[in-house]
Structure formats: C-alpha cells, structure tokens
Amino acid sequence: MIGKEQLRIGHFRDVRREQAGANLAGRIVTTGSLVLRQVGGDRAGELSANRFLGSPYVTPEEVLQTAGRRTAGACAGRRIVAAQDTTEINFKDRDRRRKGLGPAGDGQTPGFFCHAMIAIDADEDTVLGVVHAHIWTRSRKRVAARRSRDIEDKESFRWIEASRTAADLLSQAAQLIVVGDREFDIYSQFARVPRGVHLIVRAAHDRRLVEDEHLFDAPSNWRELGAMDVQVPPSRPGDPGRTARVWVKAGRVCITKPRHGAAIDPDTVTLTYLEVSETNPPKGKTAIRWRLLTTLPVAGEPDAFAAAQEIVRLYRLRWRIEQVFRAMKSDGLCLEETQVTQASRLFNLAAIALVAAARTIQLVDARDGSTRPATDVADQDLIAAAAVIGPTLEGKTARQKNPYQPSSLAWLSWITARLGGWNCYYKPPGPKTMRTGWDKLAAMATIYAVARAQKDV
C-alpha cells in the first residue's frame, strides 16, 4: 500500500479510526473516485467509509493539520511559494436530501466553500502538499453590512489566517512567499505581514496613494524595464494554453488606509507595484494585464528587470492551486457529484479529497524528472516492490527505458505511468493514467509483501 505515514490523515483518538482513515484516503487516490460504493470496494467497505466520515471524532481540522505537518517537513530548507485560493462546491441540480448546507455563491443553491493553501517548490515549480484549508458553509441569516464589521468577522479574514498559518508552519523554509489573486488584495494583510513572509498579490482596488494619486495611474510615467515571455495556463480542459509577450514596469508606491480600515492598522504601507501588460494578443484572446503588489524589492536591486521577472514567475505559480482544485472537482475526483448528503461528512470528505488531489498532482509533476525522493509519497515496502516490477515494464528502445535515478520520485512516477497504460510515446501521462497505475502498483506491492513474508517463514 501507499506509505502509512504518507497516507495517515489523522489519529482521531483511536488506532482503528486512524487505520480506517488511511485506508479511505488510499482508496480515494487509487480509484480516483469519491463514490463511497466504488471507494469501499464492496458493501462492507462502503459502510466502513460512511461510519468513518460520520464519526464525531473525525474532523476536517485534524485531516488538514496532519497534512500540513507533513508538508512542512517537505518544505524545510527550500524556497516556498504558498499559493492560496477559494473554490466553491455547488450542488445545483444535485441538492436532493442535502442537509446542513447554506447557500453557495448564487445565494440559493446548497453548497459550501473551501479556502486552501498549498506549498510549491519555487525552484522546481512542483507541488509539495497541502499547508492549510478552511471549509465552511454560509448562514442563511442576514449579516450586518460589510463595512460595519471588523476584518476578523468577514469571510476575507480567511486569507490573513492562512498567511499566519503558513508563517508558523513553514518557519523552516529558506524563503516563504505567499501568493494570491484579487481577493487577497486586503489592506490589513499588507499592514500585518507575518515575520519572515513575503507577499505577491494581484491588485483589485485602485487604491489612493499618499501623493493623492491612484495606484493604477502610477506606472504612467515609469519606464519599461523590458519584455518577457510568460506561459498562460489553460483556461479549461482541452485548452493548450499559450505563450504571451508582456512588458514590465515596476516601482515603489505608498498606499493609504481605506476609509473604513481597522483602527489598529497603520495609515500607510509602502510596497512594490508591478504592471505586466501584453500589447499584441492573438486574435480572439484577451490581452494580459497583471497588476501586482508585493513586499519583494525591485527598485534598488542590482538588476531590477531580473528581480521583476522573478516576481512575475513566482506569481504565475498561483495556477498550481487551481490545478489542485480541478483535480479535486470536475476534472478529477468530482467532489460536487458525491452522494454524501450531510454537511459534516461532506466537510470531512472535502478535506480528504483536497489532500488526495494534491497527491495526484505530485505524481503528475514527477513524470517530468523530479529529483525528490520516492519516500515523499511511498513507504519502503512499496519502493522495494517497484524496484522489482520496474524492469519488467521496460522495452527494447531507449524511450521505453526508465531514465530516472532509482528510488527517486520521477523513477516511481515512470513505473506508475507504465502500469497505468502509458506507452512511453505521444503525450505525457495525465492524472487518470497515474491514478490507474497507482492502483495497480499498490495491489502488486501488497502481493509482493505477502510473498516475501511467506518466504521468510
């Protein structure tokens, strides 16, 4: 099976529940499904999964804290981008018998939300795991006007909370950069940056500056630092993405506190502002314009353009969390199609699905030659079985040979892909191929372990 520690999702006050949780997470990864009938394998397995999700001792908080501690170990000594975002699980046309859920984003359909943060190796662009998540449903009761509430009482506080968690949990990282989209443009976050953390935020508000100017007008008199190519990620399945040529400007700005800002926040905050613009987009494509606020320096750096390019590159890594969300939802595990109906069980399942989706993306990352060890996702028993199975999957041509260092994650990923049906040619293996291969590898590793045990008797 997949490594006990790597699939351990919590203790839940009982060794039996701990094992049940590990088994459920493993089955979700290997089957690529959240349908409990399929995940359980048989009626007894389905009932076991339902009992586990319904236990009062099983909580999404413990699942996510366990995953966060594991991710923290992988982040030690590395440059880390912690990307955060929110996704909605909407049960439109699938709301029958749903219990305990408030309205989703449309204000009517039952649903819930997941605000998650993942860790990405800034130098290898690879996903290292889940850092934090907050899962909740909205109340149907009316709330006070947004401007009359403290930041701590608003949903947007989840962004600040995630940044604090990252600062505490990933303190052993060589560098920590927290990245977010327009919803992360929160004055209190800029005013309360945790020690040892840098921010890169896509600006949403045309903020007032101390010079009585506005943020979006500031670059009008700045010189362009240079042009660079950026990869635009796919917007939907089947979209290959594209390469865009953009021009970059950067400078220092001093933003002022909003009229209804928190009394404890300072009146001004000084940041670096980048404007990234595409002047000649392809026909039918919207021109890129990214406005980025960051605590990282550009002005005064030995090579200002290189510093700006690095900030743009790091911001682009934010798309990895969108990729994890797709693997968790419609493009992978299809969380929104689960037949689980009770809110508490749905939240538990969502936490496990998030961890499983990140694991799938890790395996896909590894296909491109990750130097990380296979122990990131597997125990020594599975790795030993893979060492025996691997040579039987190799063919006669060079492209049919496993080119990676034995016991590396890339080496294990190649074996997994071959078991999933990849023929070493044409397009690289995707998440479905990886999940199929992992299921077969786990089953074969179990048989191998039993055979070794009988031999040793």
Salt bridge present between R158 and E183 (N-O < 4.0 angstrom): yes
Salt-bridge present (E155, R138; N to O < 4.0 Å): yes
Pairing of K92 and D106 as salt bridge, 4.0 angstrom limit: no
E310 with R79: basic N within carboxylate O range, under 4.0 Å: yes
Gap separating the NZ atom of K257 from the CD1 atom of I255, nearest 0.5 angstrom: 12.0 Å
Polar contact flag, side-chain donor to acceptor under 3.5 angstrom, H134-E161: no
Residues T165 and D168: side-chain donor-acceptor under 3.5 angstrom: no
Taking every non-hydrogen atom, the tightest pair across L128 and A74: CD1-O, 4.0 Å
Distance-only side-chain donor-acceptor flag, K329 / T87, under 3.5 Å: yes
Pair H214-R208, side chain to side chain contact (heavy atoms under 4.5 Å, CB included): steps then yes or no: CA-CA 5 Å; H214 283 83; R208 185 176 294 278; 3.8 Å; yes
Distance-only polar pair, side chains of R252 and T272, donor-acceptor under 3.5 Å: yes
Beyond-backbone contact of I80 with I120, side-chain heavy atoms, under 4.5 angstrom: no
Charged N-O contact under 4.0 Å between E18 and R8: yes
Distance in Å, R313 CZ paired with L317 CG, rounded so as to fall on 0.5 Å steps: 6.0 Å
Between S163 and Q189, a side-chain donor and acceptor under 3.5 Å: yes
Shortest non-hydrogen separation from V131 to A166 and the atoms involved: CG1-CA, 4.3 Å
Positive for salt bridge (charged side-chain N to carboxylate O under 4.0 Å, His left out) with R320, one of D125, D121, D365: D365
Ring centres under 6.0 angstrom apart (F112, W136): no
Geometric cation-pi criterion R291 and F216, 6.0 Å radius, 45° cone: yes
Enclosure of W222 CH2 (heavy-atom neighbours >12, cutoff 6.0 Å): yes
Interatomic spacing from OG in S413 to OH in Y404 - rounded to 0.5 Å: 7.5 Å
Within 6.0 Å of CD in Q172, more than 12 heavy atoms from elsewhere: no
Audit row: V248, M228, side chain to side chain contact (heavy atoms under 4.5 Å, CB included) steps and yes/no: CA-CA 8 Å; V248 182; M228 62 182 292; 3.8 Å; yes
Taking every non-hydrogen atom, the tightest pair across A417 and T433: O-CG2, 3.7 Å
Heavy-atom pair with the smallest gap, counting every atom of L209 and A218: CD1-CB, 4.1 Å
Check ion pair R318-D85 (N to O, under 4.0 angstrom): yes
Salt bridge flag under 4.0 Å for residues R192 and D265: yes
R13 CZ to Y57 OH distance, which is reported to the nearest 0.5 Å: 6.0 Å
